[in-house]
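Since the structure comes first, as structure tokens, the remarks are kept for the end.
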Amino acid sequence: MQRIRLRYTKRGRLRFTSHRDFQRAFERALRRSSVPMAYSAGFTPHPKVSYANAAPTGVASEAEYLEIGLAAHRDPELLRKQLDESLPPGLDITEAVEVRTANFVERLEASEWQLRLAGVEPAEAAAAVAAFLAAETVEVQRMTKNGLRTFDARGAVAAFEVDSAQVGNGNDTGTESGSDVRTATPCAILRLVVRHATPAVRPDDVLSGLRATADLAPPVPAEVTRLAQGPLDEESGTVTDPLALDRAAAPAGQ
């Protein structure tokens with residue numbers, strides 16, 4: 001059985017697509033593309049598809065991953081094009097790599113996020129980030145299925161800064177490829193790197209931490225985009241490519 005790892009995006013309005021809805025759309029794309037899927041054994045066989053650490057509903061992403069098993073060999077790049085043509089714009093398959101290494105999920109050590117805070121002055125955001133980073137712990141609360149839980153949002157943060165390269169007067173387009181019309185209002189864009197710890201610390205937990213440490217409360221909900229997820233370089237606070245090992249292990253010429 002050949003296995004292929006795919007990287008896909010969730011852009012624009014499709015950020016509001018739930019993971020279950022994406023699963024349905026992807027399985028329809030597999031059928032339209034006549035992909036020779038491998039199936040599980042048992043009374044109700046299912047196509048061999050594994051999803052890894054999907055982003056929450058309402059959050060855009062440039063770096064979601066899944067793995068599929070094939071009953072017949074296919075060229076990864078041709079397979080990527082076929083699947084991408086069968087998905088709606090915004091749900092885009094951007095990379096396909098044949099699996100040559102194990103423990104892929106363990107490689108997803110951290111995520112890099114972009115937080116767009118409309119209506120917030122960059123200087124105000126920078127002061128709030130500095131206060132957050134100066135704290136040893138930042139306790140926040142989140143309602144879980146087991147009730148209200150209190151945990152530290154500071155310890156999982158590996159890097160946090162105002163992205164000066166993208167801070168503007170509100171006319172920037174972030175990662176939306178020009179699909180959003182921005183008004184001339186203040187806007188701060190933050191870059192956040194969070195380790196995948198237990199309990200999981202999400203961008204909205206860090207925003208709650210900014211409110212707790214610096215009383216920063218954006219007037220409208222933040223627009224959150226996952227830019228990358230993969231191995232964490234602790235020294236630089238950057239997230240590297242989780243597919244790099246599979247590419248490196250490929251025979252020469254592939």
Side-chain angles (χ1 to χ4, degrees), residues 1-57 59-112 175-177 179 196 225-232 239-254:
M1 180 179 72
Q2 183 190 26
R3 292 185 296 153
I4 304 286
R5 287 183 180 137
L6 301 169
R7 173 175 173 165
Y8 67 95
T9 69
K10 195 169 65 164
R11 296 169 172 153
R13 294 180 179 179
L14 289 182
R15 70 177 60 197
F16 299 107
T17 302
S18 69
H19 182 58
R20 181 177 289 275
D21 287 339
F22 171 77
Q23 287 179 299
R24 294 192 186 100
F26 184 70
E27 289 175 10
R28 284 196 294 269
L30 289 173
R31 290 195 292 272
R32 287 194 200 103
S33 305
S34 301
V35 174
M37 290 298 299
Y39 283 80
S40 61
F43 189 71
T44 55
H46 297 286
K48 294 204 170 200
V49 183
S50 301
Y51 299 89
N53 198 32
T57 303
V59 170
S61 180
E62 295 291 317
E64 301 297 288
Y65 294 93
L66 60 83
E67 181 178 311
I68 60 176
L70 303 182
H73 191 277
R74 288 290 184 274
D75 178 80
E77 178 57 19
L78 290 178
L79 179 73
R80 183 198 69 76
K81 291 180 179 177
Q82 287 178 331
L83 288 172
D84 190 47
E85 290 171 355
S86 299
L87 285 167
L91 297 179
D92 302 312
I93 307 292
T94 57
E95 292 186 79
V97 176
E98 185 165 355
V99 174
R100 300 186 185 278
T101 61
N103 304 323
F104 179 75
V105 173
E106 294 177 9
R107 253 177 267 161
L108 303 180
E109 298 173 337
S111 287
E112 178 179 353
T175 61
E176 299 296 318
S177 303
S179 60
H196 296 168
T225 301
R226 174 146 61 192
L227 302 179
Q229 61 173 326
L232 174 64
V239 177
T240 59
D241 183 3
L243 298 177
L245 288 179
D246 292 296
R247 292 195 196 90
Q254 290 189 19

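Only this structure's heavy atoms are used, side chains among them; waters, hydrogens and symmetry mates stay out.
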- Hits for ring-ring contact (aromatic ring centres under 6.0 Å, His included) against Phe16, two or more places apart or cross-chain, chain-then-number order -> none
- Message: Donor-acceptor check, side chain of Ser40 to backbone of His46, threshold 3.5 angstrom: yes or no?
- Response: yes
- Kindly compute the distance separating CD1 (Ile4) from NE2 (His73), expressed to the nearest 0.5 Å. 6.5 Å
- Message: If we ignore hydrogens and angles and just use 3.5 Å, is the side chain of Asp246 paired with the main-chain N or O of Arg100 as donor and acceptor?
- Response: yes
- Query: Of Arg226, Arg7, Lys10, which is the lone residue that meets salt bridge (Lys or Arg N to Asp or Glu O under 4.0 Å) with Glu64?
  - Reply: Arg226
- Any sub-3.5 Å donor-acceptor pair from Glu109's side-chain atoms to Leu232's backbone N or O? yes
- Euclidean distance, Leu14 CG relative to Leu91 CG, rounded to 0.5 Å: 4.5 Å
- Item | Atom pair CG/CZ of Leu66 and Phe26 - distance to nearest 0.5 Å | 4.5 Å
- Message: For Ala63, is there any backbone N or O sitting under 3.5 Å from a side-chain donor or acceptor partner on Ser61?
- Response: yes
- Item | Candidate pair Leu87 and Asp92, rule side chain to side chain contact (heavy atoms under 4.5 Å, CB included), full reasoning | CA-CA 7 Å; Leu87 285 167; Asp92 302 312; over 6 Å; no
- Taking every non-hydrogen atom, the tightest pair across Ser33 and Ser86: OG-OG, 3.1 Å
- Message: Please find the pair of heavy atoms, one from Ala110 and one from Val239, that lie closest to each other, and give the distance.
- Response: O-CG1, 3.9 Å
- Item | N/O donor-acceptor pair under 3.5 Å between Asp75 side chain and Leu78 backbone | yes
- Message: Return the CG to CD1 distance between Leu79 and Ile93, rounded to the nearest 0.5 Å.
- Response: 8.5 Å
- Item | Validation row, ring centre Tyr8 to ring centre Phe22 under 6.0 Å | yes
- Query: Quick one: does Arg107's side chain have a donor or acceptor within less than 3.5 Å of a partner on Asp241's backbone?
  - Reply: no
- For Thr9 and Gly90, indicate whether the former's side chain and the latter's backbone hold a donor-acceptor pair under 3.5 Å. yes
- Query: Would a 4.5 Å heavy-atom cut-off, applied to side chains only, mark Arg5 and Leu243 as touching?
  - Reply: yes
- Message: Closer than 3.5 angstrom, by distance alone: can the side chain of Ser50 be matched with the main-chain N or O of Glu67 as a donor-acceptor pair?
- Response: no
- Is the closest side-chain heavy-atom distance between Pro47 and Ile68 below 4.5 Å? no
- Query: What distance separates Arg32 CZ from Leu83 CG, expressed to the nearest 0.5 Å?
  - Reply: 11.0 Å
- Query: Going by heavy atoms in the side chains, are Leu70 and Val35 under 4.5 Å from each other?
  - Reply: yes
- Task: Begin with the C-alpha distance, continue with both residues' side-chain angles, and end with the deciding distance and a verdict on salt bridge (Lys or Arg N to Asp or Glu O under 4.0 Å) for Asp21 and Arg24.
- Result: CA-CA 5 Å; Asp21 287 339; Arg24 294 192 186 100; 2.8 Å; yes
- Compare all side-chain heavy atoms of Ser111 with those of His196 and state whether any distance is below 4.5 angstrom. yes
- Taking atom CE of Met1 and atom CE of Met37, what is their separation to the nearest 0.5 Å? 9.0 Å
- Query: Gln82 versus Arg74: any side-chain heavy-atom pair under 4.5 Å?
  - Reply: no
